[in-house]
2 protein chains.
Amino acid sequence: MLAAVLQVREGRLQALLWQRAREPFAACWALPGGALAADETLEESMRRHLAEKVDVREVAHLEQLETRSDPQRNPTRRELATAFLGLVPSGVDPSVPSDTRWHPLDELPELAYDHAEILLSARERLRGKLSYTNLGFALAPPSFTLAELRDLYAAALGHPVSATNLQRVLLRRRLLEDTGERRHYGSGGGRPATMYRFRSTRLEVTDQFAVLRPPTMIS
Amino acid sequence: MLAAVLQVREGRLQALLWQRAREPFAACWALPGGALAADETLEESMRRHLAEKVDVREVAHLEQLETRSDPQRNPTRRELATAFLGLVPSGVDPSVPSDTRWHPLDELPELAYDHAEILLSARERLRGKLSYTNLGFALAPPSFTLAELRDLYAAALGHPVSATNLQRVLLRRRLLEDTGERRHYGSGGGRPATMYRFRSTRLEVTDQFAVLRPPTMIS
DNA sequence: TGGCGTTTTTGCCTCACAAGCGATAACCTC
DNA sequence: GAGGTTATCGCTTGTGAGGCAAAAACGCCA
């Protein structure tokens with residue numbers, strides 16, 4: 001049981017990794033995880049293990065990815081692992097153990113087992129869901145300006161994002177709401193930006209996939 | 001390890017189920033599955049177990065769903081199960097063991113364990129992917145008319161589908177190709193329909209989710 | 001107090017694609 | 001060949017994404 005815990009830090013999408021002390025893969029970096037206890041579900045267990053690395057209340061979203069089952073993935077003994085995607089909102093800086101660090105996804109160190117694959121598929125899942133769900137809530141702080149949100153999306157998606165388009169898409173889908181607050185940019189002038197928040201902090205699918213919809217049947 | 005094996009039969013989406021002889025859940029219907037051996041991946045194992053129920057060559061698509069881990073899901077002993085979605089093209093009629101039958105998804109008998117939930121999530125996955133991938137290849141026979149394909153999609157999606165719209169969507173995405181053959185409808189007249197086939201029989205994502213695309217950068 | 005630079009927000013336009021509908025094409029049978 | 005039947009194509013509409021530029025709302029400084 002493993003989690004790819006992702007957060008946008010310093011403008012880059014980063015993953016929480018810890019450095020192994022022992023063989024196999026000594027000195028390699030690995031995803032946080034652990035074993036399943038008798039009376040818990042995989043998700044409960046994952047949250048329990050993550051609590052050793054970060055404050056679990058800071059994990060805004062946790063979902064199952066694939067269960068990895070290659071007999072060779074662990075060279076010492078047969079081991080299945082269910083991978084999770086965890087997201088931490090930008091802004092919080094969890095205190096982590098001394099063997100644990102954040103690593104930008106585009107500058108990964110040498111990883112243990114099949115963890116590099118897991119990280120990439122976690123990023124793919126995140127990128128997909130950012131486009132057709134409200135998953136942005138799990139990357140964003142409680143309130144934010146659209147420029148800040150644009151930078152978050154750009155870091156997570158890996159390509160530039162237009163703030164004006166992002167605003168229209170998210171507002172039309174009614175994912176954002178105005179908090180009433182305004183914020184000025186740094187010291188130099190500029191129009192103060194309105195602070196938004198996500199209307200919901202639970203995953204919702206917003207795009208109807210736009211194809212092969214049921215007919216309208218108006219007549 | 002379990003599989004929701006789906007096929008469109010007699011115009012309805014149906015699932016392959018076998019009837020349990022012993023407790024727990026005696027006489028209830030269950031998804032085909034089995035235990036993982038030491039030297040195989042989950043997918044290999046799933047194919048091996050399915051071979052006892054149907055000819056595996058008839059399973060055109062197999063993908064992992066969720067791994068179920070509720071400690072109570074099996075009342076006798078703790079058991080994890082990785083669920084799969086399997087698809088059998090319409091037209092083939094696999095010979096199945098005597099305890100095994102096809103059941104329409106909208107008329108399910110009493111199911112063992114959490115298998116009803118798994119079936120519904122399998123159907124959701126199928127419906128979603130029919131809209132933004134070429135997954136239709138796994139439900140369709142090697143060649144077909146558009147009217148036949150429309151009926152397949154309608155059965156799988158659970159709502160009426162317009163043949164003309166289906167044609168335009170799939171042709172624009174270049175998922176279908178003309179086989180050159182034509183086929184007449186029954187005995188009464190009518191213009192012969194062109195027979196199509198899917199250009200690829202491997203899963204391909206076709207819809208780019210239409211949002212938050214990278215900018216065009218033409219200038 | 002008014003201009004200027006900066007940043008945000010809104011309005012207008014275009015484009016792509018899904019979807020509805022009617023017209024046309026291509027057969028059959030009688 | 002006329003009429004019925006089925007398939008296919010073309011025209012049109014509607015919706016949402018995306019680009020661009022104008023307008024709004026500040027701070028700062030003369």
Side-chain angles (χ1 to χ4, degrees), chain A residues 130-133 136 143-151 153-154 157 159-196 205-219, chain B residues 130-133 136 143-151 153-154 157 159-196 205-219:
Chain A
L130 277 182
S131 288
Y132 68 92
T133 72
S143 77
F144 45 82
T145 70
L146 266 164
E148 292 166 350
L149 193 64
R150 161 173 57 82
D151 293 340
Y153 272 74
L157 291 172
H159 63 72
V161 171
S162 133
T164 135
N165 197 34
L166 184 67
Q167 179 184 34
R168 271 177 318 209
V169 169
L170 297 186
L171 282 181
R172 172 165 33 210
R173 296 180 174 177
R174 304 183 51 78
L175 297 187
L176 298 185
E177 62 185 4
D178 194 330
T179 64
E181 290 177 77
R182 300 286 178 274
R183 187 158 69 196
H184 295 261
Y185 174 87
S187 57
R191 175 173 174 170
T194 81
M195 305 284 292
Y196 289 96
V205 175
T206 59
D207 192 11
Q208 294 310 315
F209 292 117
V211 264
L212 304 179
R213 265 191 283 249
T216 49
M217 311 250 212
I218 295 180
S219 63
Chain B
L130 276 182
S131 289
Y132 67 91
T133 71
S143 75
F144 45 83
T145 70
L146 266 164
E148 293 165 350
L149 193 62
R150 161 172 57 81
D151 293 341
Y153 272 74
L157 291 173
H159 63 74
V161 171
S162 134
T164 131
N165 197 35
L166 184 67
Q167 179 183 37
R168 272 178 315 209
V169 170
L170 297 186
L171 283 181
R172 173 168 32 212
R173 296 180 175 177
R174 303 183 54 79
L175 298 188
L176 299 185
E177 63 185 2
D178 194 330
T179 65
E181 289 177 81
R182 299 289 178 273
R183 186 158 72 195
H184 295 263
Y185 173 87
S187 56
R191 173 172 175 172
T194 80
M195 305 283 292
Y196 290 95
V205 176
T206 59
D207 191 11
Q208 293 310 312
F209 292 116
V211 263
L212 303 180
R213 263 191 282 252
T216 48
M217 311 248 209
I218 296 179
S219 61

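To find a chain, count down the sequence lines: A is the first, B the second, and so on, and within it residues start at 1. Keep in mind it's a predicted model, so treat the numbers as computed, not measured.
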Contact summary for B/Leu170 and B/Tyr153, nearest pair of heavy atoms: CD1-OH, 4.1 Å
Value in whole Å for how far the P atom of C/dT9 lies from CG of A/Leu149: 12 Å
Between the protein and nucleotides 6-8 of chain D, are there any N/O to N/O pairs under 3.5 Å, and if so, what are the atom names and distances?
{"unit_1": "D/dT6", "atom_1": "O2", "unit_2": "B/Arg191", "atom_2": "N", "d": "3.1"}
{"unit_1": "D/dT8", "atom_1": "OP1", "unit_2": "B/Thr194", "atom_2": "N", "d": "2.7"}
{"unit_1": "D/dT8", "atom_1": "OP1", "unit_2": "B/Thr194", "atom_2": "OG1", "d": "3.1"}

Heavy atoms of other groups near A/Arg174 CZ, more than 12 under 6.0 Å: no
Polar side-chain contact A/Arg168-D/dG18 base: donor and acceptor under 3.5 Å: yes
Under 3.5 Å side-chain donor-acceptor pair for B/Arg173 and B/Thr206: yes
For atom CG of B/Leu166 and atom C1' of C/dC17, their distance in whole Å: 15 Å
Residue list, salt bridge (charged side-chain N to carboxylate O under 4.0 Å, His left out) with B/Glu181, at least two apart or on another chain: none
Distance in angstrom units between B/Asn165 CG and D/dT13 C1', rounded: 13 Å
Atom-to-atom span, CZ of B/Arg173 to P of C/dA16 - whole angstrom: 16 Å
Whole-Å gap separating C1' (C/dA26) and NE2 (B/His184): 9 Å
Partner of B/Thr194 under side-chain contact (heavy atoms from CB on, under 4.5 Å), chosen from B/Thr179, B/Leu176, B/Asp178, B/Thr145: B/Asp178
Side chain to side chain donor-acceptor pair (under 3.5 Å) against A/Arg183, all qualifying residues, sequence neighbours excluded: A/Glu148
